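We name chains A, B, ... by the order of the sequence lines, and we start the count at 1 in each one. This one's a predicted model, so the numbers in the text were calculated from it and none came from an experiment.
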Amino acid sequence: MTDFMNYLVLGLTRGSMYALIALGYTLVYGVLQLINFAHSEVFMSGAFGSYLVIGMFVHDGQHLAWWQVSLVMILGLLSGALVGAGVAWALERVAYRPLRQRGAPKLAFLISAIGMSFFLSQLAGKLFNRLSQNQFPSYFDQNKAVLHILGAAVSRIQLIVIVTALLMMFSLDRLVSGTKLGRSIRGVAEDAPTAALMGIDIDKTISRTFIIGGALGGAAGFLFGTTFVFSNIMGFIPGVKAFAAAVLGGIGNIRGAMIGGLLLGVVENIVPTAPWDGSGGWIGLQWTDVVAFVVLILVLVFRPTGILGERLGRAA
Amino acid sequence: MRTRTLVHVAALSAVGAMALSACSNSTSGGGLSGSASSGGGGGTTYTVAFEGPLSGDNAQLGINEVNGVQLAIDQANAKGDLGFTAKLLKADDGGDASKAPAAAAQVLQDATVMGVVGPSFSGASKAVGNIYGAAGLTIVNPSASNGTLQTLGFKTWHRVVPNDYAEGPAVADWMAKKFKKVFIVNHLSDYGAGVAGAVEKELKAKGVTVQTAGVDAKTTDYGAISQTVKQSGADAMFYGGYDAQGALFAKALTAVGFTGARVAGNGVKSSVFTAGAGAAGNGWYFSCGCQDATVAPSAKDFTAAYTKAFNTPPSTYSPEAFDATNIVLDAIKAAKAAGKVDRAAVNDQVNKTDYAGITAQIKFGPNGDLPAGTGTVNLYTQKNGKIVSLGDVSKAS
């Protein structure tokens, strides 16, 4: 049981990050019916942005009190979110809005997205570096266990990742279902022309949707970089996985992306390692990606619209 | 209408892709190929090609090597007794087997290329060994250590480092002296699988309990595998893989609190690993059929010159690449003295090599590898973020 729980915690940590990134895909898909493939680079820029900000305040090997650590964490999340939001906003302005105004076909958006993805990733490589493993300064012992659930140790960083991700997801859910902005996002997603007739500014709403998705992705970039490492090409694999998670939960469906992300993370860690006895598992970890995508295919075979269904314009 | 749009897009992207690949060729090829060749002896120019990763995750290893090649060429040109001008052609394969044939094609296009130093990685070497072989172009490999490469019938294959079938058992013998249960993690690449298999076989022969698991070569998630290693109760872990991934693994192992020893092969011993793993890399052991150029006495001049030229001390496989290049240059010189310089003649001369290099006395057996028993496998460890040599692994405690 302890061993199972260990893998479960690993899966939830991973899954929380997938979920945050998946929300960016799903939000944009909701309003534009477009897969924003450059979203993985929004995630990447969040990591670099927060690194630049945090690097001004802490340095490697510093020991901080718990409240200072919390402050730095909040600063990192905010700066990551801000940079992510900024990049996503600019992305929409540069790569999508001109196409939309000219009534370009859907495929043009897709190529534009892929182009921006390459551009941003290479730009970061040019501006910063192309090392595969940049690290945030280490200013607290991330691996110290703070909590034991059924014998499984949950480390500080795991707790931070899971709790902040859940908080952000909860706030997003409230925002979309309970505020005026949320209502206009839902309106545009459901039926853009009618929403416009009702007095909703479509351009503004789309722009803000990008900003929200970018903020979540940027914050996820900070969390990912803090837990693992970051680089200019870090976005690709988490991006593909998060996109799969969004489809798994039902693309365009916000709660679906959350569930899809968490589920994918957990499946990746639990299924290949079963029976969790340290033997390497029946399936084996080299099959992790195969397992993840087999699950995706199985879900889509039986529920082609994903677990919660493709429900545009509704919070759930 | 819809199909037409599709066709347009397809055509556009095809054009774009061609333009892109043309760009990358010209930057990695012609533009950078010339060294600051000074001196120059005689009118003819012969080129030594380097193939290896100069971009991407594993670029550091390629840079270590190409600098060694560059230094050998610059020194030879400066000395002025070559009788020809030597030039360097850099072909970037990203360390990727699927990109290696394109890099090889780029090398073969240049008729002045008389020898290849590289490819750096085993997978890439496997992919292009026959391409170079068919063109009769000699390969002097500084670092691809997979133990099957010499058996694949590559006509022009030579290698200046001991292969994994020499390195793996040597480090396994050392591990067998210290550990009772070893967990072998195999990064599923030609190099990783080769060295992991060689270590496993030798450990089992010595009666050590062995457990194995594989991980995808491109994953960034080492949490689950680290957890598995910890739970297995092994007192040591051997990792067959490369540096960038090894660093992620090192951090994850520390994160889950694995307390056993960590051992890896030559693919992990680099500054990419030490920088990436940080404190989590301290205490890792590395086996390597390579010389530590910063301590080996025969390499002192090389180290000084290298540091002066590139503002950084030589790293893993720089000395090997330096030796490999000198072997090619000597072969061209010998072929010229014998009257005819072409790829076949140079390859014949490389076969006859008996060269006192800074890494070892280098001769090639009939299969292109160092004859059995030559070449030393050294053990290294990371201490306070730096890799230090522990000397010959067969004598290490």
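- Environment of OH in A:Tyr51: sparse, with no more than 12 heavy atoms of neighbouring residues, nucleotides or ligands closer than 6.0 Å.
- For the set B:Ala59, B:Ala244, B:Ala213, the entry with the most heavy-atom pairs within less than 4.5 Å of chain A is B:Ala244.
- Proximity to chain A (any heavy atom under 4.5 Å) is shown, for B:Tyr222, by neither the backbone nor the side chain.
- Proximity to chain B is absent for every atom of A:Phe236, based on heavy atoms less than 4.5 angstrom apart.
- Proximity to chain A (any heavy atom under 4.5 Å) is restricted, for B:Gln211, to the side chain, taken from C-beta onward.
- No side-chain heavy atom of A:Gln286 sits under 4.5 Å from any side-chain heavy atom of B:Val215.
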Show the atom names and distances, to 0.1 Å, of all donor-acceptor pairs under 3.5 Å that link a side chain in residues 272-280 of chain B to residues at least two apart or in another chain.
{"unit_1": "B:Thr274", "atom_1": "OG1", "unit_2": "B:Ser271", "atom_2": "O", "d": "3.0"}

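- In this structure the side chain of B:Leu248 reaches within 4.5 angstrom of the side chain of A:Val229, judged on heavy atoms.
- A:Ile233 touches chain B through its side chain: at least one heavy atom from C-beta onward sits under 4.5 Å away, while N, CA, C and O do not.
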Go through the steps for A:Thr273 and B:Thr228 under the test side-chain contact (heavy atoms from CB on, under 4.5 Å), then give the verdict. CA-CA 8 Å; A:Thr273 53; B:Thr228 307; 4.2 Å; yes
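- Within a 6.0 Å radius of NZ in B:Lys201, other residues, nucleotides and ligands contribute 12 heavy atoms or fewer.
- The shortest distance between side-chain heavy atoms of A:Phe228 and B:Lys251 does not fall below 4.5 Å.
- Using a 4.5 Å heavy-atom cutoff, the side chains of B:Asp221 and A:Asn269 are in contact.
- With a 4.5 Å cut-off on non-hydrogen atoms, B:Leu188 touches chain A through its side chain but not through its backbone.
- Going from atom CG of A:Leu285 over to atom OG of B:Ser226 covers 9.5 Å, rounded to the nearest 0.5 Å.
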